[in-house]
Chemist: 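Let me give you the structure first, and then I'll get to my questions.
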Amino acid sequence: MAGRLLPVLALAGCPAWAQGMGSSVRVTARPPAVKAGTPAPAIDYRDVAAAWGLAAPNVYGGEAKKRYILEMTGNGVAVGDFDQDGWPDLFFVNGTRLDLAAGPVSRLYRNQSGAGFIDVTAKSGITRTGWGQGVCAGDYDNDGRIDLFVTYYGEAGSLYRNSGGGTFRDVSREAGFAPGPVRWETGCAFLDFDRDGALDLFVSHYVAFDLGKAAAPGASPFCFWKGVAVFCGPRGFGTGVNALYRNVGGGRFADVSKKAGIVLAGLHYGLGVAVSDFDADGWPDIYVACDSTPGILYANQRDGTFADIAVPAGAAYGEAGQEQGSMGAAAGDYDNDGRIDIVKTNFMDETPTLYHNDGERFFTDTTFAAGLGIHTKYVGWGVSFLDADQDGRKDLLMAHGHIYPEIEGSKSGERFRQEKLLYWNAGKVFVDVTGRGGAALREPWSSRGLATGDLDGDGTVEAVVVNMNAPPSVLKNHAPAGNAMVLDLGAIGTRVSVEAGGVTQVDEVRSGGSYASHSDLALHFGLGSAQSADRVRITWPDGTTESLTDVPANHRISVRKGAGVTARRAFRR
């Protein structure tokens, strides 16, 4: 039985993962019991990436050795219907290597109506190379087409305006994202923080890093891992400074970070971003998973500003009050109580962290009570709440991968490539079903970004995973599926509740999330044995509501504000 790790001594200024966690004490923690007679889930994930035409490898940093922390973070992926044909396409961010004059461009794949993908990068208008990081999507100019923002190390990120037909134009400079000091952008999300009807943009930042001045592996105590000389950091570097850009109209954005309260004192090494209306007041809030520093919960003050309430809200630290090496973050209602909870992935010798939303801007760390405190050997990155078996409860899928290739063959006994973890939701308690959830879960990779969506129109959710310096994985569940519903609502920030089979599920349309990635804007709801939803209640971003009743299961349904159901397509089964 795995144990719970509590730090008892920390070297001055040195995080646990830079120390090798040599100062930890193991305390046994008993996983919660699962109700007798609980049926096993029907899950059989297989990797269909190659069969679907997704064979091009990701490029990011050295393969056998990484000299600098810049080579560690890797890339994200976006799922979205970028050509407006009703089928989710895929966008993979690419990076580069220290020995390359110019790395590959990011890749765009068009969905062939659920029958695989074709690489359309050459005609997409996407041409920038360099140290790409993450991606988020949203219709910032309200023309009905989904645009992209790609984060980078170096100059400001790239804003790609969707020109239609699967083509984009880089409008970064004219939109206000001008060259400036070196920065390290990571996660991002579009959101309408001031509810003026135009999507704004939040971008998290990691560390203040200058490649030209970076120290070599083994140069200081921050540059060793369990006796192995490795790259230095993140401690020893200055803080990244998160940014908020307000959409001022006319295709332009203005940096309102300081005015809006986004710039914080103290160290915050920002990575994963999860946006949601956590306090259900109708205004979007922002959670940032931070590496080796406290997490951030920007509460929307409804006056154009935010306040970081992570510490008083109980969402800044681990259960024992420790800083954690956090990478990815996801938002979802795992216990169907109508409130949006938070999960984040962490470094090895730590468990993931689950914050239960108690309401009134308070959270409780339920990691161990919910059964997630059983593994400490994984380095967590992408993460998603998804209903793998379509029983009406959100499960958890996590992607992993170590950061030091040098550990392969070392005395540490650790592996650079790691398997994924699938936690099945047995009713407020998660059960690790990785070993019986399909071969694709157990295939080891050094993974980073993860995004989800129904890619082939059969009503089940696929998971797309970026594997560092390798082709991607696409996890498809081949087991018999329960009933489900996919709702295409269009507008980011829309909140919806679905009542079916005596259960009410709540979710929101979000941009960004996971680790540096973006899942399909269409929402998936497992319905179990229910043949229809009794009621679908939609709250649009401006606060107006509308309802649908007796909505049949096993369809993808498009709804637009004021127009009702605009399209309906039966699942392919």
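The chain is numbered in sequence order, starting from 1.
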Chemist: Can you measure from CZ (Phe416) to OG (Ser446) and round to the nearest 0.5 angstrom?
Modeler: 3.5 Å
Chemist: Less than 4.0 angstrom from a charged side-chain N to a carboxylate O is my criterion; do Asp119 and Arg110 meet it?
Modeler: no
Chemist: Does the side chain of Leu54 reach to within under 4.5 Å of the side chain of Val474, using non-hydrogen atoms?
Modeler: yes
Chemist: Is Arg415 paired with Glu408 through a side-chain N to carboxylate O contact shorter than 4.0 Å?
Modeler: yes
Chemist: Are a donor atom and an acceptor atom from the side chains of Thr167 and Arg169 found within less than 3.5 Å of each other?
Modeler: no
Chemist: Taking the six-membered ring for Trp and the full ring for Phe, Tyr or His, determine whether the centres of Phe202 and Tyr298 are under 6.0 Å apart.
Modeler: yes
Chemist: Indicate whether the side chain of Tyr206 and that of Asp291 have a donor and an acceptor atom separated by less than 3.5 Å.
Modeler: yes
Chemist: Is it true that the side chains of Thr353 and Asn346 contain a donor and an acceptor less than 3.5 Å apart?
Modeler: yes
Chemist: Kindly determine whether Tyr160 and Val150 satisfy side-chain contact (heavy atoms from CB on, under 4.5 Å), including the steps that lead there.
Modeler: CA-CA 8 Å; Tyr160 289 104; Val150 182; 3.9 Å; yes
Chemist: Apply side chain to side chain donor-acceptor pair (under 3.5 Å) to Asp341 and Asn357, showing your working.
Modeler: CA-CA 5 Å; Asp341 312 299; Asn357 189 336; 5.3 Å; no
Chemist: For residues Asn469 and Gly61, report the shortest heavy-atom separation together with the two atoms involved.
Modeler: ND2-O, 3.3 Å
Chemist: Is Val135 close to Val77 at the side-chain level, that is, under 4.5 Å between some pair of heavy atoms?
Modeler: no
Chemist: Test your reading of the model: is there a side-chain donor-acceptor pair from Thr239 to the backbone of His268, 3.5 Å cut-off?
Modeler: yes
Chemist: Is it the case that the side chain of Ser514 and the backbone of Val383 share a donor-acceptor pair, with hydrogens and angles ignored and the cut-off at 3.5 Å?
Modeler: yes
Chemist: Taking all non-hydrogen atoms of both residues into account, name the closest pair between Phe363 and Ile340 and its distance.
Modeler: CE2-O, 4.0 Å
Chemist: Give the C-alpha distance, both sets of side-chain angles, the deciding distance and a yes or no for side-chain contact (heavy atoms from CB on, under 4.5 Å) between Leu354 and Asp365.
Modeler: CA-CA 6 Å; Leu354 180 65; Asp365 187 331; 5.5 Å; no
Chemist: Please say which of Glu319, Glu350, Lys344 ends up in a side chain to side chain donor-acceptor pair (under 3.5 Å) with Gln324.
Modeler: Lys344
Chemist: Between atom CG of Asp81 and atom CZ of Arg145, what is the distance when rounded to the nearest 0.5 Å?
Modeler: 12.5 Å
Chemist: With a 4.5 Å limit on heavy-atom distance, are the side chains of Val275 and Asp285 in contact?
Modeler: no
Chemist: Looking only at side chains, do Glu508 and Ser276 share a donor and an acceptor under 3.5 Å apart?
Modeler: yes
Chemist: For Ser447 and Asn467, test the side chains for any donor-to-acceptor distance below 3.5 angstrom and give the result as yes or no.
Modeler: yes
Chemist: May I ask you to establish whether Arg128 and Tyr152 are in a cation-pi arrangement, using a distance under 6.0 Å from NZ or CZ to the six-membered ring centre and at most 45° from the ring axis?
Modeler: yes
Chemist: Where does the angle between the aromatic ring planes of His402 and Tyr404 fall among parallel (under 30°), tilted (30 to 60°) and perpendicular (over 60°)?
Modeler: tilted
Chemist: Can you check whether Asp192 reaches Asp200 side chain to side chain, under 4.5 Å on heavy atoms?
Modeler: yes
Chemist: Output the distance between atom CG (Asp349) and atom NZ (Lys377), rounded to the nearest 0.5 Å.
Modeler: 12.5 Å
Chemist: Quick one: closest heavy-atom pair of Arg67 and Phe231, and the distance?
Modeler: O-CB, 3.2 Å
Chemist: Side chains of Glu406 and Trp225: is there a donor and an acceptor less than 3.5 Å apart?
Modeler: no
Chemist: Donor-acceptor check, side chain of Tyr245 to backbone of Val203, threshold 3.5 angstrom: yes or no?
Modeler: no
Chemist: Does the separation of the ring centres of Phe177 and Phe253 fall below 6.0 angstrom?
Modeler: yes
Chemist: To the closest 0.5 Å, what do you measure between OH (Tyr378) and NE2 (His400)?
Modeler: 7.0 Å
Chemist: Testing the 3.5 Å rule here: is there a donor-acceptor pair between the side chains of Thr73 and Tyr60?
Modeler: yes
Chemist: Ignoring hydrogens, what is the shortest heavy-atom contact between Pro405 and Ala64? Give both atom names and the distance.
Modeler: CB-O, 3.4 Å
Chemist: Any sub-3.5 Å donor-acceptor pair from Ser519's side-chain atoms to Thr452's backbone N or O?
Modeler: yes
Chemist: Under the side-chain contact (heavy atoms from CB on, under 4.5 Å) criterion, do Trp184 and Ile69 qualify, and how do the steps go?
Modeler: CA-CA 11 Å; Trp184 193 341; Ile69 192 173; 3.8 Å; yes
Chemist: Using only heavy-atom distances, determine whether the side chains of Thr376 and Thr351 contain a donor-acceptor pair under 3.5 Å.
Modeler: no
Chemist: Closer than 4.0 angstrom, basic N to acidic O: yes or no for Asp99 and Arg97?
Modeler: no
Chemist: Going from CZ on Phe82 to OG on Ser124, what distance comes out if it is rounded to the nearest 0.5 angstrom?
Modeler: 11.0 Å
Chemist: Taking Asp170 first and then Arg173, would you say they form a salt bridge - that is, a charged N and a carboxylate O separated by under 4.0 Å?
Modeler: no
Chemist: Identify the two heavy atoms, one from Met468 and one from Lys66, that lie closest to each other, and give their separation to 0.1 Å.
Modeler: SD-NZ, 3.3 Å
Chemist: Over 60° means perpendicular and under 30° means parallel, so tell me whether Tyr140 and Phe190 are parallel, tilted or perpendicular.
Modeler: parallel
Chemist: Decide yes or no for Leu441 and Leu475: does some side-chain heavy atom of the first lie under 4.5 Å from some side-chain heavy atom of the second?
Modeler: yes
Chemist: Please examine the side chains of Tyr153 and Leu211, heavy atoms only from C-beta on, and report whether any two atoms are closer than 4.5 Å.
Modeler: yes
Chemist: Are side-chain heavy atoms of Val241 and Arg183 found at a separation under 4.5 Å?
Modeler: no
Chemist: Please find the pair of heavy atoms, one from Arg361 and one from Asn300, that lie closest to each other, and give the distance.
Modeler: NH2-O, 3.3 Å
Chemist: Has Ser511 got a side-chain atom pairing as donor or acceptor with Ala137's backbone, closer than 3.5 angstrom?
Modeler: yes
Chemist: For the side chain of Ser517 and the backbone of Ala78, is there at least one donor-acceptor N/O pair under 3.5 Å apart?
Modeler: no
Chemist: Scan Asn75, Thr129, Asn94 and name whichever one has a side chain to side chain contact (heavy atoms under 4.5 Å, CB included) with Val59.
Modeler: Asn94
Chemist: Applying salt bridge (charged side-chain N to carboxylate O under 4.0 Å, His left out) between Arg161 and each of Asp147, Asp139, Asp141, report the one that passes.
Modeler: Asp141
Chemist: Using the rule given for side chain to side chain donor-acceptor pair (under 3.5 Å), can you reason through Ser204 versus Asn242, listing the C-alpha separation, both sets of side-chain angles and the distance that settles it, and then say yes or no?
Modeler: CA-CA 5 Å; Ser204 64; Asn242 298 330; 4.9 Å; no
Chemist: So, are Glu323 and Arg235 salt-bridged, with charged N and O less than 4.0 Å apart?
Modeler: yes
Chemist: With side-chain contact (heavy atoms from CB on, under 4.5 Å) as the test, would you mind laying out the steps for Leu90 and Val79 before giving the verdict?
Modeler: CA-CA 5 Å; Leu90 299 177; Val79 177; 3.6 Å; yes
Chemist: For the residue pair Phe237 and Phe209, categorise the inter-ring angle as parallel (less than 30°), tilted (30 to 60°) or perpendicular (more than 60°).
Modeler: perpendicular
Chemist: Decide yes or no for Tyr355 and Thr367: does some side-chain heavy atom of the first lie under 4.5 Å from some side-chain heavy atom of the second?
Modeler: no
Chemist: Between CG of Leu201 and CG of Leu159, what distance do you get to the nearest 0.5 Å?
Modeler: 7.5 Å
Chemist: Determine, step by step, whether Asp47 and Ser473 satisfy the side chain to side chain donor-acceptor pair (under 3.5 Å) criterion, reporting the C-alpha distance in whole Å, the side-chain angles of both residues, the deciding distance to 0.1 Å, and the verdict.
Modeler: CA-CA 6 Å; Asp47 188 350; Ser473 299; 3.3 Å; yes
